[in-house]
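Some notes on the structure that comes next.
Note that the structure is a prediction, hence the values are computed from the model and not measured. Only heavy atoms go into these numbers, but all of them, side chains included; no hydrogens, no water, no symmetry mates.
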Amino acid sequence: MGSEVHMGTMEQGVDFSVLVRSVAPARVFDLLATPDGVNEWFTRSTTIDPRPGGSIVFRWQDWGPTHFAGEIPGAVVEWSRGTRFVFTWRADSGGYDTSVVVTFEPREGGTLVHLVETGYEDSPVGLQDLLNRAQGWGSVLTLLKFYAEHGIIY
């Protein structure tokens with residue numbers, strides 16, 4: 001008879017914002033929350049079923065300087081075109097899911113993208129997952145900005 005240990009979650013999470021200049025919220029949303037959009041500049045063969053409870057599978061092939069290849073599954077919680085995209089997905093360690101909330105706000109001169117990811121396990125593994133995602137989301141939002149504003153792909 002095995003016993004399962006459940007870790008609590010950390011209070012800390014990822015919290016980033018970026019201003020995408022001269023691009024409407026609907027376009028920025030599409031670049032991050034639709035398969036056609038995100039596959040333009042970041043992933044390959046990603047699938048997103050935009051209904052609450054719909055599945056997401058983010059997929060990469062030969063990505064970045066480490067030539068990363070892999071996929072991360074998840075589920076849509078909320079999909080409101082141009083305003084809000086909420087989903088859960090597997091933490092990098094693979095043992096639990098985190099929750100991502102992305103909002104898209106019109107601002108003078110562009111769109112403010114605000115991303116918060118929470119639900120990291122309160123453990124050394126969870127801390128590493130948080131550090132990995134903090135670095136990752138910082139890069140992703142910067143790449144999104146450069147692509148949306150200038151068409152530059154990494």
Side-chain angles (χ1 to χ4, degrees), residues 10-94 96-120 125-154:
M10 290 185 213
E11 289 182 33
Q12 298 85 358
V14 174
D15 190 333
F16 281 110
S17 294
V18 66
L19 178 63
V20 179
R21 296 185 188 282
S22 303
V23 183
R27 172 64 177 150
V28 181
F29 178 93
D30 288 350
L31 287 172
L32 194 60
T34 69
D36 288 344
V38 76
N39 288 330
E40 271 182 52
W41 63 278
F42 185 50
T43 60
R44 300 291 172 263
S45 303
T46 285
T47 57
I48 300 172
D49 178 349
R51 298 171 297 159
S55 69
I56 297 173
V57 181
F58 292 96
R59 293 182 180 91
W60 295 267
Q61 295 174 315
D62 197 30
W63 176 253
T66 62
H67 304 282
F68 177 75
E71 61 182 49
I72 302 176
V76 172
V77 175
E78 185 179 339
W79 194 93
S80 300
R81 186 166 186 262
T83 60
R84 190 171 161 92
F85 179 39
V86 181
F87 61 95
T88 60
W89 67 338
R90 191 66 31 190
D92 290 345
S93 63
Y96 61 96
D97 289 347
T98 60
S99 178
V100 179
V101 177
V102 189
T103 57
F104 305 82
E105 296 178 29
R107 290 287 170 97
E108 186 175 329
T111 299
L112 181 69
V113 180
H114 182 214
L115 181 142
V116 175
E117 184 171 9
T118 57
Y120 294 98
V125 168
L127 180 58
Q128 187 61 58
D129 287 336
L130 172 60
L131 293 171
N132 291 346
R133 291 278 173 87
Q135 182 278 330
W137 281 122
S139 296
V140 168
L141 293 182
T142 300
L143 293 170
L144 171 65
K145 175 181 176 63
F146 277 86
Y147 182 73
E149 291 178 2
H150 307 288
I152 298 170
I153 298 176
Y154 173 79

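No side-chain heavy atom of Thr34 sits less than 4.5 Å from a side-chain heavy atom of Ile48. In this structure the side chain of Ile72 reaches within 4.5 angstrom of the side chain of Asp92, judged on heavy atoms. Glu117 places a side-chain heavy atom less than 4.5 Å from the side chain of Val100. You'll find the side chain of Trp41 reaches within 4.5 Å of the side chain of Leu32, heavy atoms only. Side-chain atoms of Thr118 and Met10, non-hydrogen and from C-beta on, never get closer than 4.5 Å to each other. Annotation: side chain of Asp49 is not in contact with side chain of Val76 (no heavy-atom distance under 4.5 Å). A 4.5 Å side-chain heavy-atom check between Arg59 and Thr47 finds at least one atom pair inside the cut-off. Residues Thr43 and Trp60 meet the side-chain proximity criterion, which asks for heavy atoms closer than 4.5 Å.
With rounding to the nearest 0.5 Å, the separation of CH2 in Trp137 from CG in Asn132 is 13.5 Å. How far OG1 of Thr88 is from CG of Asp97: 5.0 Å, rounded to the nearest 0.5 Å. Rounding to the nearest 0.5 angstrom, the gap separating the CZ atom in Arg27 from the OG atom in Ser22 is 13.5 Å. Put simply, CZ on Phe87 and CD on Glu78 are 13.0 Å apart, with the number rounded to the nearest 0.5 Å. Leu112 CG to Phe104 CZ: the interatomic distance, rounded to the nearest 0.5 Å, is 10.5 Å. We find the CZ-NE2 distance between Arg84 and His114 to be 11.0 Å, quoted to the nearest 0.5 Å.
What you find for Ser80 and Phe29 is that their closest heavy atoms are O-CE1, 3.5 Å. Between Leu130 and Gln12 the shortest heavy-atom distance is CD2-CB, 4.0 Å. Nearest heavy-atom pair, Leu31 versus Ala148, reported as atom, atom and distance to 0.1 Å: CD1-CB, 3.7 Å. When all heavy atoms of Arg107 and Leu19 are compared, the pair lying nearest together is CB-CD1, 4.1 Å. The minimum heavy-atom distance between Glu40 and Tyr147, with the atom names listed, is OE1-OH, 2.5 Å. For the residue pair Glu105 and Pro25, the shortest heavy atom distance occurs at C-CG, 4.3 Å.
The environment of Arg21 atom CZ is sparse: at most 12 non-hydrogen atoms of other residues, nucleotides or ligands sit within 6.0 angstrom. Counting non-hydrogen atoms of other residues, nucleotides and ligands closer than 6.0 Å to CZ of Phe16 gives a total above 12.
Between the side chain of Asp129 and the backbone N or O of Ser93 there is at least one donor-acceptor pair closer than 3.5 Å. With Thr111 contributing its side chain and Val23 its backbone, the two residues share a donor-acceptor pair below 3.5 Å.
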- [ ] Step by step, work out the ring-ring contact (aromatic ring centres under 6.0 Å, His included) result for Trp63 and Phe42.
- [x] CA-CA 8 Å; Trp63 176 253; Phe42 185 50; 5.1 Å; yes

- [ ] Any chance you could lay out the side-chain contact (heavy atoms from CB on, under 4.5 Å) test for Tyr120 and Thr98, step after step, and finish with the verdict?
- [x] CA-CA 6 Å; Tyr120 294 98; Thr98 60; 3.9 Å; yes

